[in-house]
Number of protein chains: 2
Amino acid sequence: MKWKDRLAAEGYRLTAPRRAVLQVLQQTETPLSPQEILAQAHKAHPQLGLVTVYRLLNLLTGLNLLRRVHRKDGCHGYLPASLGHHHALICQTCGRAVEFAGEADLESLISRVEMGTGYRVEDHLLQLFGLCPGCQ
Amino acid sequence: MKWKDRLAAEGYRLTAPRRAVLQVLQQTETPLSPQEILAQAHKAHPQLGLVTVYRLLNLLTGLNLLRRVHRKDGCHGYLPASLGHHHALICQTCGRAVEFAGEADLESLISRVEMGTGYRVEDHLLQLFGLCPGCQ
DNA sequence: TTTTCTGCAAAGGTTTTGCACCAAT
DNA sequence: ATTGGTGCAAAACCTTTGCAGAAAA
């Protein structure tokens, strides 16, 4: 429910299409492509258009409510974002995803790489792919 | 020169368009988009088409001679790949990229995540972004 | 009522495919 | 001579934008 409050607090309107998309995104455990989001939200709001999905995705990503991930099939997927900087671990079979915090381990890796290359590291992209407990 | 040998060994033909594209890719230090590759290779082979670039990129990526990276601007870029599983560190200002091996550090992170989540991790995507020595 | 949001249509961009011609082996 | 490669055109996608009408505040 906090997503709706957040949108209201930022001055955005709560409309039927947005409710439908929010409901899909808040419940998903797998990274969904815009098309997949449309298909699911369509049930709750049949006249929903893909354009509206894209606009809301950009809005929510900007508010850090959503995280955009790279899927193995090349598409982009969207996942509800936890607070702070987390990373995604995605099941290659069922798509189910969990987030994990790997900052501590990355920091030592990053300082070693900085030392070795002379670069200063400012950002990173880390995703893991594997099999979830149910798919092993 | 070993790329050409590799192509020949795999039964692929050495043509003028391919020579032009190979020359560009073997020399680059920054991840190039297909359009950028076309623009540079065009000098050596003016009638080169973008389609041919795409086909060769897919071919070389399949042979593990090229690595596809995600650029911050959303485009895909291509870098010559070293042997083994390496990762890219890309300068956000000039685009210059280096590869680094972070397997040792990642292994401890990965086993910790496997322990915590119950997933089995089979693959990963790691890229670092920062400033190269010259751009700091 | 005022501003924002929506959905359509259309544009822009990237990547793939079909096909006839051409070139490397 | 064969086989595979090229380039054009066109198609298939994905994503963004312009705009008039609709809905939230």
Side-chain angles (χ1 to χ4, degrees), chain A residues 3-25 31-63 65-78, chain B residues 3-25 31-63 65-78:
Chain A
W3 287 20
K4 292 182 183 170
D5 297 342
R6 179 74 192 284
L7 284 179
E10 300 277 346
Y12 297 106
R13 294 182 180 173
L14 231 39
T15 63
R18 286 183 176 176
R19 278 175 221 276
V21 172
L22 288 179
Q23 178 130 358
V24 170
L25 287 171
L32 297 175
S33 70
Q35 295 278 1
E36 291 164 345
I37 293 164
L38 175 67
Q40 293 196 27
H42 180 81
K43 296 165 193 161
H45 190 74
Q47 66 269 48
L48 180 64
L50 187 55
V51 181
T52 300
V53 174
Y54 272 104
R55 283 193 274 233
L56 188 51
L57 289 176
N58 289 337
L59 179 59
L60 295 172
T61 305
L63 295 175
L65 296 175
L66 228 50
R67 195 181 307 295
R68 178 165 149 159
V69 303
H70 298 272
R71 304 203 309 193
K72 277 306 182 84
D73 63 9
C75 292
H76 287 132
Y78 291 81
Chain B
W3 287 19
K4 293 182 183 170
D5 297 342
R6 178 73 192 285
L7 284 179
E10 300 276 347
Y12 296 107
R13 294 180 181 174
L14 231 38
T15 64
R18 285 184 175 175
R19 278 174 222 275
V21 172
L22 288 179
Q23 179 130 357
V24 170
L25 287 170
L32 297 175
S33 70
Q35 294 279 1
E36 291 164 345
I37 293 165
L38 174 67
Q40 292 196 27
H42 180 81
K43 297 165 194 162
H45 190 75
Q47 66 270 49
L48 179 65
L50 187 55
V51 181
T52 300
V53 174
Y54 272 104
R55 284 193 274 232
L56 188 51
L57 289 177
N58 289 337
L59 179 59
L60 294 172
T61 306
L63 294 174
L65 296 175
L66 228 48
R67 195 180 306 294
R68 178 165 149 160
V69 302
H70 299 272
R71 303 203 310 194
K72 278 306 181 86
D73 64 9
C75 291
H76 286 132
Y78 291 82

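Reckoned from all heavy atoms, side chains included, excluding hydrogens, waters and symmetry mates.
Heavy-atom contacts from other residues, nucleotides or ligands closer than 6.0 Å to CD of B:Q23 number 12 or fewer.
In plain terms, the two heavy atoms of A:W3 and A:L65 that are nearest each other are CZ2-O, 3.3 Å. Across all their heavy atoms, A:L57 and A:P34 have their closest contact at CD1-CG, 3.8 Å. In terms of heavy atoms, B:A20 sits closest to B:H45 at CB-CB, 3.8 Å. For B:L38 against B:G49, the heavy-atom pair with the smallest separation is CD1-C, 3.9 Å. B:R19 approaches B:L14 most closely through the heavy-atom pair NH2-O, 3.5 Å.
Atom CG in B:L56 sits roughly 10 Å away from atom P in D:dG5 (whole-Å rounding). Atom CG of B:L22 is separated from atom P of D:dG5 by 13 Å (rounded to the nearest Å). Rounded to whole angstrom, the span from the NE2 atom of B:H42 across to the P atom of D:dG7 amounts to 11 Å. Distance A:L38 CG to D:dC13 P: 15 Å, rounded to the nearest Å. The distance from atom CG of B:L59 to atom P of D:dG4 is 13 Å, rounded to the nearest whole Å. Between B:L7 atom CG and D:dT3 atom C1' the separation is 17 Å, expressed in whole Å. Put simply, NE2 on A:H76 is 18 Å from P on D:dC13, counting in whole angstrom units. One atom, CD of B:Q47, and another, P of D:dT6, lie 11 Å apart when rounded to the nearest Å.
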- Full working for side chain to side chain contact (heavy atoms under 4.5 Å, CB included) between A:Q35 and A:C75: CA-CA 10 Å; A:Q35 295 278 1; A:C75 292; over 6 Å; no
- Message: Checking A:E10 against A:R6 for the side chain to side chain contact (heavy atoms under 4.5 Å, CB included) test, could you report, in this order, the C-alpha distance in whole Å, the side-chain angles of both residues, the deciding distance, and whether it holds?
- Response: CA-CA 6 Å; A:E10 300 277 346; A:R6 179 74 192 284; 3.1 Å; yes
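A:Y54 has a side-chain polar atom (N or O) that falls below the 4.0 Å cut-off from OP1 or OP2 of D:dT15.
With contacts defined as side-chain heavy-atom distances shorter than 4.5 Å, the pair A:R71/A:H76 does not qualify. Looking at heavy atoms from C-beta onward, A:V21 lies out of side-chain contact with A:T52 at the 4.5 angstrom threshold.
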- Task: Between protein and nucleotides 18-25 of chain D, map the contacts as a letter string: B base, S sugar-phosphate only, - none, heavy atoms under 4.0 Å, written 5' to 3'.
- Result: B----BBS
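Comparing the helix axis at one end of the helix from C:dT1-D:dA25 to C:dT25-D:dA1 with that at the other, each defined from 5 consecutive pairs, gives an inter-axis angle of 30° (nearest 10°).
Using a distance-only test at 3.5 Å, with no hydrogens or angles considered, no donor-acceptor pair links the side chain of A:R18 to the main chain of A:L7.
Taking a heavy-atom distance under 4.0 Å as the criterion, the stretch of DNA chain C touched by chain B extends 5' to 3' from C:dT14 to C:dT25.
Both A:C75 and B:P17 sit near DNA chain D, but only B:P17 has its closest nucleotide nearer the 5' end.
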